[in-house]
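Start at 1 with the first residue, then count along the sequence.
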Amino acid sequence: KFHPNAMVFEGYWGTGPNEGRAYEILIDCHSSIECIVNTAHVSVPASKLKKATLEPHRIRTGGGIIETNARTWTNQHVFVGNSSVAVSKVTELSISALDYDMILGYPFLTRHNPAPNWRTGALSFPKFVWHPVAKSYTDVKAHRSALQTSPRQLVNELKRADEDPDDDTLFVLASMT
């Protein structure tokens with residue numbers, strides 16, 4: 001069974017569910033910033049640029065301290081699936097060593113207080129659950145055996161997962177011959 005080593009979700013910033021460019025969102029309990037948009041990997045939507053304010057930031061990273069004036073936005077929303085969560089402040093930073101588009105940090109976690117499922121990587125909020133999406137080669141490789149099953153094996157695996165209330169396995173059917 002696959003066990004994630006990070007909580008990563010696919011989501012959208014402020015445009016609505018499944019609108020615009022999908023962001024790869026990392027949950028980071030060590031970040032003291034509520035929400036970071038990593039402009040080393042993504043561009044800020046043009047519609048957001050006019051509403052930004054500049055604020056000085058001193059950021060400690062694994063590579064040292066970054067002092068910068070960063071654009072920030074207040075009262076934003078992040079969408080994962082069909083759910084929306086409020087974010088008090090989004091901060092733009094360029095962190096090329098970090099492979100994620102957006103980071104939701106400790107202030108986000110303390111305000112929303114979601115319950116993590118460490119085994120599956122899911123994050124439960126009072127009215128909805130975020131489920132991780134396999135994106136990396138490692139994740140796909142971990143799921144490779146599921147992708148190489150016969151139709152009968154796939155049906156049996158789906159039945160088994162349906163009978164186990166603790167199994168949050170996500171199945172994606174690419175093709176079937």
Quiz prompt | Hydrophobic cluster identity match, W73 and F108, side-chain contacts under 4.5 Å | solution = yes
Quiz item: Are the side chains of L93 and T39 in touch, meaning some heavy atoms are under 4.5 Å apart?
Solution: no
Quiz item: Is F128 linked to M7 within one hydrophobic cluster, defined over Ile, Leu, Val, Met, Phe, Trp and Tyr using a side-chain heavy-atom separation of less than 4.5 Å?
Solution: yes
Practice problem: Grab the two heavy atoms, one from F9 and one from G121, that are nearest each other, plus how far apart they are. | Solution: CZ-O, 3.3 Å
Quiz prompt | Partners meeting side-chain hydrogen bond (donor to acceptor under 3.5 Å, both in side chains) with T53 (sequence neighbours left out) | solution = T72
Quiz item: Would V78 and L123 show up in the same hydrophobic cluster when neighbours are defined by side-chain heavy atoms closer than 4.5 Å?
Solution: yes
Quiz prompt | Within one Ile-Leu-Val-Met-Phe-Trp-Tyr cluster: W118 and L109, side-chain cutoff 4.5 Å | solution = yes
Quiz prompt | With sequence neighbours excluded, residues passing side-chain hydrogen bond (donor to acceptor under 3.5 Å, both in side chains) with S88 | solution = R111
Exercise. List the steps, then state whether side chain to side chain contact (heavy atoms under 4.5 Å, CB included) holds for I65 with I59.
Key: CA-CA 5 Å; I65 294 177; I59 313 297; over 6 Å; no
Self-check item: Exercise: identify the closest heavy-atom pair between Y23 and P45
Solution: OH-CD, 3.8 Å
Exercise. Please name all residues satisfying side-chain hydrogen bond (donor to acceptor under 3.5 Å, both in side chains) with K51, sequence neighbours left out, ordered by chain then number.
Key: none
Sequence neighbours excluded and cut-off under 3.5 Å, please list the side-chain donor-acceptor pairs for residues 95-107, or say none.
{"residue": "D101", "atom": "OD2", "partner": "R21", "partner atom": "NH1", "Å": "3.1"}
{"residue": "D101", "atom": "OD2", "partner": "E24", "partner atom": "N", "Å": "2.8"}

Exercise. Return the minimal non-hydrogen interatomic distance between N69 and L54, and the atom names on each side.
Key: O-CD2, 4.1 Å
Self-check item: Heavy atoms of other groups near N82 CG, more than 12 under 6.0 Å
Solution: no
Exercise. Kindly state each residue pair satisfying salt bridge (Lys or Arg N to Asp or Glu O under 4.0 Å) with at least one member in residues 87-98, sequence neighbours excluded.
Key: E55-K89, R71-E92
Exercise. Locate the shortest heavy-atom distance separating V80 from S83; write the atom from each residue and the value.
Key: O-OG, 2.6 Å
Self-check item: side chain to side chain contact (heavy atoms under 4.5 Å, CB included) between F79 and V85, worked out
Solution: CA-CA 7 Å; F79 297 87; V85 291; over 6 Å; no
Side-chain donor-acceptor pairs under 3.5 Å in residues 25-32, sequence neighbours left out?
{"residue": "D28", "atom": "OD1", "partner": "H30", "partner atom": "N", "Å": "2.9"}
{"residue": "S31", "atom": "OG", "partner": "I33", "partner atom": "N", "Å": "3.3"}
{"residue": "S31", "atom": "OG", "partner": "I33", "partner atom": "O", "Å": "3.2"}

Quiz prompt | Cluster overlap F125 with V87, hydrophobic side-chain contacts below 4.5 Å | solution = yes
Quiz prompt | Verdict with supporting geometry, W13 and K48, side chain to side chain contact (heavy atoms under 4.5 Å, CB included) | solution = CA-CA 10 Å; W13 171 33; K48 297 282 185 192; 3.9 Å; yes
Practice problem: Please answer whether the main-chain N or O of A86 pairs with a side-chain N or O of H112 as donor and acceptor at a distance below 3.5 Å. | Solution: yes
